[in-house]
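Structure record follows, encoded as structure tokens.
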Amino acid sequence: MKKSQLAVQLYTLRDFIKSPFDIAATFRKVREIGYEAIQVSGMGPISEEELVKIANDNGLVICATHENARTICEDTDKVIERLKKLNCRYTAYPHPHNPFVSKRAVLEVAAQINKAAVAMEKEGITLCYHNHALEFEKFDGELILDTIYNNAPALQAEIDTFWIQAGGQNPVEWIKRFPGRQPLLHLKEYGVIKNDRKMFSIGSGNLNWKEIIAAGSACGVEYFIVEQDDCNGVDPFDELRRSYNFIAENFFD
């Protein structure tokens with residue numbers, strides 16, 4: 001992995017990016033840790049132009065975003081326009097905008113996502129799918145996540161390692177399933193405290209990072225994106241620093 005391929009999912013720092021002033025201060029801290037790229041999500045109101053300027057001023061590449069799921073499907077042109085303003089090639093569908101209550105419901109969402117992905121592809125933008133654990137329920141004997149990918153050929157993957165594990169699956173095996181079809185990979189640590197699953201800084205939990213990083217590299221992942229939704233009361237910047245140091249020491253070329 002090259003240093004430039006390691007990014008931060010800003011949802012981890014959502015409490016620190018509510019205003020342009022806060023965003024600028026947060027970006028400085030992220031860059032000081034060593035990260036060179038960010039995925040935009042969980043951010044307060046700010047124009048695309050100002051966001052790009054703050055990122056550039058701090059030497060950060062906007063490598064990807066998460067956009068509102070319903071907007072992706074129902075106002076695709078708006079998302080395309082935003083991504084172009086951000087000079088960003090990748091975005092992801094973050095969470096189902098309609099509940100997966102049946103196989104038919106899953107197929108309907110898959111068709112909507114695929115239509116959006118086709119439209120984005122024509123404009124040089126790639127749409128990925130961000131999974132949680134809920135996609136590992138089955139309808140008619142097929143995992144929801146399989147149904148989505150099998151019926152949305154224009155859609156690419158943004159595998160989330162924590163949620164794959166939480167869904168009772170193997171993150172390495174899922175990464176290997178999408179060679180050339182997963183430009184983004186969410187690095188999210190999985191562990192247990194008092195019988196409850198928890199998120200940790202990378203290298204502090206139970207996932208096999210040597211195999212995960214190797215699989216991602218072999219399958220053509222362009223950005224390895226660190227995310228920690230819940231920092232268990234610890235300063236998120238400290239957690240991101242621990243993750244960066246672990247990855248830098250073990251996986252940078």
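Note: hydrogens, waters and symmetry copies are ignored here, and every other heavy atom, side chains too, is used.
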Got a second to check how far [X]'s [atom1] is from [Y]'s [atom2], nearest 0.5 Å?
| X | Y | atom1 | atom2 | value |
| --- | --- | --- | --- | --- |
| Ile175 | Gln182 | CD1 | CD | 6.0 Å |
| Leu187 | Ile159 | CG | CD1 | 12.0 Å |
| Ile202 | Ile247 | CD1 | CD1 | 5.5 Å |
| Asp77 | Thr71 | CG | OG1 | 12.0 Å |
| Glu227 | Asp160 | CD | CG | 6.0 Å |
| Cys73 | Asn98 | SG | CG | 8.5 Å |

What is the ring orientation for Tyr90 with Tyr223, classed by angle as parallel under 30°, tilted 30 to 60°, or perpendicular over 60°?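 Rings of Tyr90 and Tyr223: perpendicular, as their planes differ by over 60°.
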
Give a yes or no answer on whether the side chain of [X] reaches the backbone of [Y] with a donor-acceptor pair at less than 3.5 Å.
| X | Y | value |
| --- | --- | --- |
| Tyr35 | Leu240 | yes |
| Thr12 | Gln228 | yes |
| Ser217 | Ala214 | no |
| Gln9 | Thr65 | no |
| Asn151 | Leu107 | no |
| Glu189 | Gly205 | yes |

May I ask you to check whether over 12 heavy atoms, not counting those of Asn208, lie within 6.0 Å of atom CG? yes

[X]: which residues meet the salt bridge (charged side-chain N to carboxylate O under 4.0 Å, His left out) condition with it, sequence neighbours left out?
| X | result |
| --- | --- |
| Asp22 | none |
| Glu158 | none |
| Glu81 | Lys85 |

Does the pair Phe251 and Phe224 meet the rule for a side-chain contact (heavy atoms from CB on, under 4.5 Å), with working shown? CA-CA 11 Å; Phe251 300 113; Phe224 296 81; over 6 Å; no

Sidechain N-carboxylate O distance under 4.0 Å for Arg28, Glu32: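 The answer is no: the pair does not qualify as a salt bridge.
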
Please determine whether a side-chain nitrogen of the Lys or Arg among Glu239 and Arg242 lies less than 4.0 Å from a carboxylate oxygen of the Asp or Glu. yes

Passing option when Thr161 is tested against Asn131, Asn170, Ile212 for side-chain contact (heavy atoms from CB on, under 4.5 Å):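 The residue from Asn131, Asn170, Ile212 that satisfies side-chain contact (heavy atoms from CB on, under 4.5 Å) with Thr161 turns out to be Ile212.
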
Chi angles and distances behind the salt bridge (Lys or Arg N to Asp or Glu O under 4.0 Å) call for Glu67, Lys78: CA-CA 10 Å; Glu67 301 297 328; Lys78 182 177 181 180; over 6 Å; no

Heavy atoms only: give me the nearest [X]-[Y] pair and the separation to one decimal.
| X | Y | result |
| --- | --- | --- |
| Ile23 | Ile46 | CD1-CD1, 3.8 Å |
| Leu155 | Cys128 | CD1-C, 3.7 Å |
| Ile72 | Tyr93 | CD1-CA, 3.7 Å |
| Pro183 | Gln156 | CD-OE1, 3.2 Å |
| Ile17 | Leu13 | CG1-O, 3.4 Å |
| Asn58 | Arg31 | O-CG, 3.0 Å |

Is there a side-chain contact between [X] and [Y] (heavy atoms, below 4.5 Å)?
| X | Y | result |
| --- | --- | --- |
| Phe136 | Ile164 | yes |
| Lys115 | Thr76 | no |
| Arg82 | Val40 | yes |
| Asp75 | Val79 | no |
| Leu51 | Leu86 | yes |
| Asn250 | Lys210 | no |
| Ile148 | Val106 | yes |
| Ile125 | Cys88 | no |

Taking a hydrophobic cluster as the set of Ile, Leu, Val, Met, Phe, Trp and Tyr residues connected by side-chain heavy atoms closer than 4.5 Å, whether directly or through intermediates, do [X] and [Y] fall within one such cluster?
| X | Y | value |
| --- | --- | --- |
| Ile225 | Trp163 | no |
| Val61 | Met1 | no |
| Leu145 | Leu185 | yes |
| Ile33 | Ile38 | yes |
| Met199 | Phe237 | yes |

For the pair His97 and Glu74, evaluate side-chain hydrogen bond (donor to acceptor under 3.5 Å, both in side chains) and give the outcome as yes or no after the intermediate values. CA-CA 10 Å; His97 66 289; Glu74 298 180 2; 4.8 Å; no

Using the benzene-type ring in the case of Trp, are the ring centres of Phe27 and Phe16 under 6.0 Å apart? no

What do you reckon, are the aromatic ring centroids of His95 and His130 less than 6.0 Å apart? no

On the six-membered ring of Phe252, is Lys3 placed so that its NZ or CZ lies under 6.0 angstrom from the centre and within 45° of the ring axis? no

Polar side chain donor-acceptor pair, Ser243 to Ser201, under 3.5 angstrom: no

Is there a side-chain contact (heavy atoms from CB on, under 4.5 Å) between Phe246 and Trp209? Walk through the geometry before answering. CA-CA 10 Å; Phe246 173 81; Trp209 291 106; 4.1 Å; yes

For residues 134-145, pull every pair meeting side chain to side chain donor-acceptor pair (under 3.5 Å), keeping only residues two or more places apart or in separate chains. Lys103-Glu142, Tyr129-Glu135, Glu142-Thr147, Glu142-Asn150

Just to verify, which of Arg197, Lys188, Lys198, Arg14 counts as forming a salt bridge (charged side-chain N to carboxylate O under 4.0 Å, His left out) with Asp229? Lys188

Across all chains, not counting sequence neighbours, the ring-ring contact (aromatic ring centres under 6.0 Å, His included) partners of Tyr149 are Phe178

Excluding sequence neighbours, so at least two apart, what forms side chain to side chain donor-acceptor pair (under 3.5 Å) with Gln169? Trp174

